[in-house]
Protein chains: 2
Amino acid sequence: MTSPQPPRRPSGQPRVPENYDPADFVPFAVTVDLAVFTVRESRLHVLLVERGEEPYLGHWALPGGFVRPRESAGQAARRELAEETGLSPDTVAGLRPEQLRTYSDPDRDPRMRVVSVAYTALVPDLPEPRGGGDAAQARWTPYDELGRLAFDHGRILADGRRRIGAKLEYTCLATAFCPPEFTLGELQQVYETVWGVVLDRPNFRRKVLTSPGFVEPVEGPPRRTGGRGKPAALYRAGAATALHPPLLRPEGRTTP
Amino acid sequence: MTSPQPPRRPSGQPRVPENYDPADFVPFAVTVDLAVFTVRESRLHVLLVERGEEPYLGHWALPGGFVRPRESAGQAARRELAEETGLSPDTVAGLRPEQLRTYSDPDRDPRMRVVSVAYTALVPDLPEPRGGGDAAQARWTPYDELGRLAFDHGRILADGRRRIGAKLEYTCLATAFCPPEFTLGELQQVYETVWGVVLDRPNFRRKVLTSPGFVEPVEGPPRRTGGRGKPAALYRAGAATALHPPLLRPEGRTTP
DNA sequence: CCAATAGTGTCTCTTAGACAATATGGA
DNA sequence: TCCATATTGTCTAAGAGACACTATTGG
């Protein structure tokens, strides 16, 4: 259904004779909220902004904003992501923010009826978002150091984390957390950080390299070192998007 | 973000100096749309209603309706599902309609700005929805005989079908398509119908029976026949919700 | 030489795919 | 009896977990 005129009452007969009540058609505000994840120093981080107004003045919240009159929620999400991260719209388009779910509890905003469409985005380690001489500031926060967030944003983040953990299993999404060229060790770090587990390096390597299109070696013999071990070969993301068979996390836990 | 007052502009400096424009805050109508699937006679069916008004008068559309002032989208979905299928609210609650995604294209409704939160629900083969002496009628339609649907409902159904196909792989959801007691042949039919493939019976059986909590045998020696072969043992849904390891569809295709 | 990280090889166990063979009902 | 479906069993191949071992760098 879609029509805002008298709501259809389509099917048969024994329907409660509740016809159109104008009070049913309340205006909603629609926003997007962004759960932006990255991996920094082997820890999962999320992008938060500090609220500059009531309610929740001074609390941390997800970046986001209103859906404008002529844009879709997805367009709003990409626009906000570019604004918050300072990345170019082109780069942001490549990140393909993905719709997570919509939050519509009637009391989620104390002031009025606000429905929010939440998106997840995975980014490689980025520079700190613009140093804020502004009213409100934005920054990366370790996922496990989150305090109480504004509105239902804590729940949105939890849902987002569960989603990306699941998607690592059966998609090639993990490369989105990495720079354009990366080592298999870095890729493994992504899995270990998001899942909160330790993986066997040889087995991880075998799985990644035998999954067609997951990664492809960077031609030039260039190599790079992370510290003081043997330099690692570099790879970049391949053309595949799905992983078949999937790379299941140990114990098959669905991380609560 | 969530606040409908002046949208926050949280992060740093070089921000386009476009401040709050009251025109940005347009009122939206919010609806829910239901993609209700069932398996009938080895074919996937969806529940459709005929529109009784413009636009798309006489076209088929998904059941759905407005989100009311004091309910969440999920509550609205359960309410509409009960109304459309004639099932009791208790039964509907057990079906756990699941949020699919939100559709927000600015032009998806020609009249005004409507954002719709779509839900999927899987039901066993049900009686035809109330014979309609009413204005509009509702009925089960084979998925592959869909004509052009109202609004973007064709796309919603396609998304819903892809989602349930994927969920069959790693959840025990398939039992939702079956009556309380069912045979393994019926369960296999669900997979074959939704995926559009043919599965090897002995292998399917082994997989289902060795997945702890997927199904449990019905105690009483009661058996039942589907036609003229050997009667099959009956099972009911087990306690598990996830399948580990998953039951991957052949060729690992993600059915486009 | 040692520490640290990258990479190779191997063995085993689980699981899935293919498919033969048997069981049990109705026409 | 034949036919259709259910059920059991076997063989094989792919993939994952465990883990020993080698390679290459910096100190």
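Chain letters run A, B, ... following the sequence lines, proteins first, then strands; residues in each count from 1.
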Checklist entry - When Arg40(B) is tested against each of Leu126(B), Thr193(B), Asp125(B) for side-chain contact (heavy atoms from CB on, under 4.5 Å), which residue passes? => result Asp125(B)
Item to check | Residue that, paired with Phe182(B), satisfies side-chain contact (heavy atoms from CB on, under 4.5 Å) out of Val218(B), Val215(B), Leu234(B) | outcome: Val215(B)
Expressed in angstrom and rounded to an integer, what is the separation of [X] atom [atom1] from [N] atom [atom2]?
X	N	atom1	atom2	result
Leu243(A)	dA14(D)	CG	C1'	16 Å
Glu186(A)	dA6(C)	CD	C1'	13 Å
Arg249(B)	dT15(C)	CZ	C1'	19 Å
His244(B)	dG17(D)	NE2	C1'	17 Å
Leu248(B)	dT15(C)	CG	C1'	11 Å
Phe204(B)	dT15(C)	CZ	P	17 Å
Gln188(B)	dA6(D)	CD	P	8 Å

Next on the checklist: Among residues 173-180 of chain A, which ones have heavy-atom contacts with DNA chain C below 4.0 Å?
Outcome noted: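 Heavy-atom cutoff 4.0 Å gives no residues at all.
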Checklist entry - Is there a donor-acceptor contact under 3.5 Å from the side chain of Gln99(A) to the main chain of Gly74(A)? => result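 Absent.
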Checklist entry - If you round to the nearest 0.5 Å, how far is CG of Leu184(B) from CZ of Arg201(B)? => result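 Rounded to the nearest 0.5 Å, the CZ-CG separation comes to 10.0 Å.
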Checklist outcome for this item: Between the CG atom in Leu146(B) and the NE2 atom in His45(B), the distance rounded to the nearest 0.5 Å is 10.0 Å
Checklist outcome for this item: Readout for nucleotides 7-12 of chain D: B = base within 4.0 Å of protein heavy atom, S = sugar-phosphate only, - = neither; 5' to 3' it is BBBB--
Checklist entry - Is any side-chain heavy atom of Trp60(B) less than 4.5 Å from a side-chain heavy atom of Gln137(B)? => result yes
Next on the checklist: I want to check something: taking the side chain as every heavy atom from C-beta on, are Phe37(A) and Tyr143(A) in contact at a cut-off of under 4.5 Å?
Outcome noted: yes
Item to check | Short side-chain donor-acceptor distance under 3.5 Å, Glu98(B) and Thr120(B) | outcome: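 Judged by distance alone, the side chains do not pair up.
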